[in-house]
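Comments concern the structure below.
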2 protein chains.
Amino acid sequence: MPSDINPGLLPLVRKLETVFRLTPEEQKALTHLPVHFRELPADQDIVRVGDRPSQCCLLLEGFVHRYEDVGDGRRQIVSFHIAGDIPDLLSLHLPVMDHNVGTLARSKVGFVSHQSLRALIANHPRIGDACWRDTLIDAAVFRQWMVGMGRRDAHARIAHLFCELFVRMRTVGLAEGNSIQVPLTQGTIADALGLSQVHVNRVVQALRSDGLITWRARVLTIDDWPTLQKVGEFDPTYLHVVDEAA
Amino acid sequence: MPSDINPGLLPLVRKLETVFRLTPEEQKALTHLPVHFRELPADQDIVRVGDRPSQCCLLLEGFVHRYEDVGDGRRQIVSFHIAGDIPDLLSLHLPVMDHNVGTLARSKVGFVSHQSLRALIANHPRIGDACWRDTLIDAAVFRQWMVGMGRRDAHARIAHLFCELFVRMRTVGLAEGNSIQVPLTQGTIADALGLSQVHVNRVVQALRSDGLITWRARVLTIDDWPTLQKVGEFDPTYLHVVDEAA
DNA sequence: CGATACGTTGACGGAAATCAACCCCGGTGG
DNA sequence: CCACCGGGGTTGATTTCCGTCAACGTATCG
């Protein structure tokens, strides 16, 4: 690691390096982006439907979700984001937000103007490609959730989500053994998978009593990975992870 | 329109121009891509799960869908594509296909090597941006389908799909008045929306008898746009259409 | 003109929603 | 120190969409 790296954006470097090694120049350019750092509390919106952002939000620590409100207090969460993600990268090319982005837990973020990002990408096309690629993986995750909501029952959906979160967090070094820290509630999971909170509760209990997972105090532990994977019909190909300790 | 435009790729030009006007040079570069044209029959796969394509497929006429098979003969369709779309553009950055792409009707397509596309984008960054933007709109459509499957009942889902198809086809000039030609069957719609074919049938009949649509012989007519839109909770913002005759 | 794919209809069953309590636990303030 | 509070989790009873199964109708095409 070169000496003139600004450490604030390391999670981002780490994330992009899950695709290919960045050159020292690229690392430098990336970490020297003009960033406005902020700590945000849990459950705070970052951008909302209808907004026309002029900056993107780099998630450095914490947990973010994207969601859409539908009538009658119901809502659908469309994605979860972890350190290294840029949850609203799409605002670089789509002027109007069609969904909300908000924290799920206390989070540390960095705001970068579209202008700076565009300049970075213009000067370092490989970084642009990596960002594009990242939005494509985002879309791949959407597709998997669609398959789940369309054609899998609640057991498979929940097991699949747990598998996905675990693999994604392990990839960027956020797993400790078979455990990950997730600030999710059963209600949150319900809103993500198109289920009711009550039903999520029953299924989670089943997964627990079948010995597949432990989940207490925001810590999720995968106790039986092969079976959980089978129950969730989880095939990590769609995440296009390069390392693969799996 | 400059005189040295190769007319074979006009649907693509038209599609990209729904974002911004292309310069004559850009038009020329685009339409002079080395393309291998082909006519494909209905229900033929173009790329399959696990493939590592070295080319992309430009859809010039017809209808394409992307889908994933899940166990037991079930499947989930994740998107429909019309003239001007590049259904497998993602293969430019994701080496392995995580879903299938296939025709739904007789279609005319053009194959372009990744190499040529990369060169085009390198020389004409705006075209690259337009392509990236297009994959982002793809993802926006995924999100809407997720909201539908997670939080909307069958009536709303089907109405929403009809609205979406109509707006998308009108945008590229494929609507005739309030009608569009769609090669979809009720079973196809079921696989797209996470429903059974039988239930789609019942709901479509309800939409018909409520005077919202007519649908016969592959022609779908919107008879009551305001009500259909309301039933489907359809807000076209997510399609990020520039023109807006809506 | 029969094969085949698509659409239609009815009876029945089931996964999950809804409704309504109740419990548990950590935080907080009197 | 304990009462209170509130968010999250748990449980049971009931309801509802929607799936499944099965049959039959209908249209298009070789």
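Below, each value reflects all heavy atoms present in this structure, side chains not excepted, and no hydrogens, waters or symmetry copies. Sequence lines set the chain letters: A, B, ... in the order given, protein chains first and strands last, and positions in each chain run from 1.
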What I want to find out is whether [X] reaches [Y] closely enough, with some N-O distance under 4.0 Å, to be called a salt bridge.
| X | Y | result |
| --- | --- | --- |
| A:Asp51 | A:Arg48 | no |
| A:Asp191 | B:Arg151 | yes |
| B:Asp223 | B:Arg208 | no |
| A:Asp134 | A:Lys15 | yes |

Tell me: [atom1] of [X] to [atom2] of [N], nearest whole Å?
| X | N | atom1 | atom2 | result |
| --- | --- | --- | --- | --- |
| B:Leu193 | D:dG19 | CG | P | 10 Å |
| B:Ile189 | C:dC6 | CD1 | P | 12 Å |
| B:Met149 | C:dA15 | CE | C1' | 17 Å |
| A:Ile158 | C:dA16 | CD1 | C1' | 11 Å |
| A:His199 | C:dA17 | NE2 | P | 6 Å |
| A:Asp72 | C:dA17 | CG | C1' | 13 Å |
| B:Arg151 | C:dA16 | CZ | C1' | 11 Å |
| A:Arg216 | C:dC25 | CZ | C1' | 11 Å |

> B:Ser196 near the nucleic acid: base, sugar-phosphate alone, or nothing, with a heavy-atom cut-off under 4.0 Å?
Replying inline: base
Please write out each protein N/O paired with an N/O of nucleotides 10-15 of chain D under 3.5 Å, distance rounded to 0.1 Å.
from: D:dT10; atom 1: OP1; to: A:Arg208; atom 2: NH2; distance (Å): 3.1
from: D:dT10; atom 1: OP2; to: A:Gln186; atom 2: NE2; distance (Å): 2.9
from: D:dT10; atom 1: OP2; to: A:Asn201; atom 2: ND2; distance (Å): 2.4
from: D:dT10; atom 1: OP2; to: A:Arg208; atom 2: NH2; distance (Å): 3.3
from: D:dT10; atom 1: O5'; to: A:Asn201; atom 2: ND2; distance (Å): 3.2
from: D:dT11; atom 1: OP2; to: A:Gln205; atom 2: OE1; distance (Å): 2.3
from: D:dT11; atom 1: OP2; to: A:Gln205; atom 2: NE2; distance (Å): 3.1
from: D:dG12; atom 1: N7; to: A:Arg202; atom 2: NH1; distance (Å): 3.1
from: D:dG12; atom 1: O6; to: A:Arg202; atom 2: NH2; distance (Å): 3.4
from: D:dA13; atom 1: N6; to: A:Arg202; atom 2: NH2; distance (Å): 3.2

Does [X] reach the side chain of [Y], with side-chain heavy atoms less than 4.5 Å apart?
| X | Y | value |
| --- | --- | --- |
| B:Arg38 | B:Phe111 | yes |
| B:Gln186 | B:Leu195 | no |
| B:Met97 | B:His99 | yes |

>> If the cut-off is 4.0 Å, is A:Arg218 near the phosphate of D:dG9, judged by side-chain N/O to OP1 or OP2?
In response: yes
> Within less than 4.0 Å of OP1 or OP2 of D:dG19, is there a side-chain N or O belonging to B:Arg74?
Replying inline: no
> If only atom types and distance count, is the side chain of B:Thr227 paired as donor or acceptor with the main-chain N or O of B:Asp224 below 3.5 Å?
Replying inline: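 Answer holds: no.
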>> Using the ring pair (Phe, Tyr, Trp, His ring centres under 6.0 Å) definition, which of the options B:Trp215, B:Trp225, B:Phe234 pairs with B:Phe166?
In response: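 The option that passes is B:Trp225.
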>> Over the length of the helix from C:dC1-D:dG30 to C:dG30-D:dC1, how much do the five-pair end axes diverge, rounded to 10 degrees?
In response: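 Axis angle across the helix from C:dC1-D:dG30 to C:dG30-D:dC1, nearest 10°: 30°.
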> Of the nucleotides C:dA17, D:dG8, D:dC18, which has the atom closest to the A:Leu195 side chain?
Replying inline: C:dA17
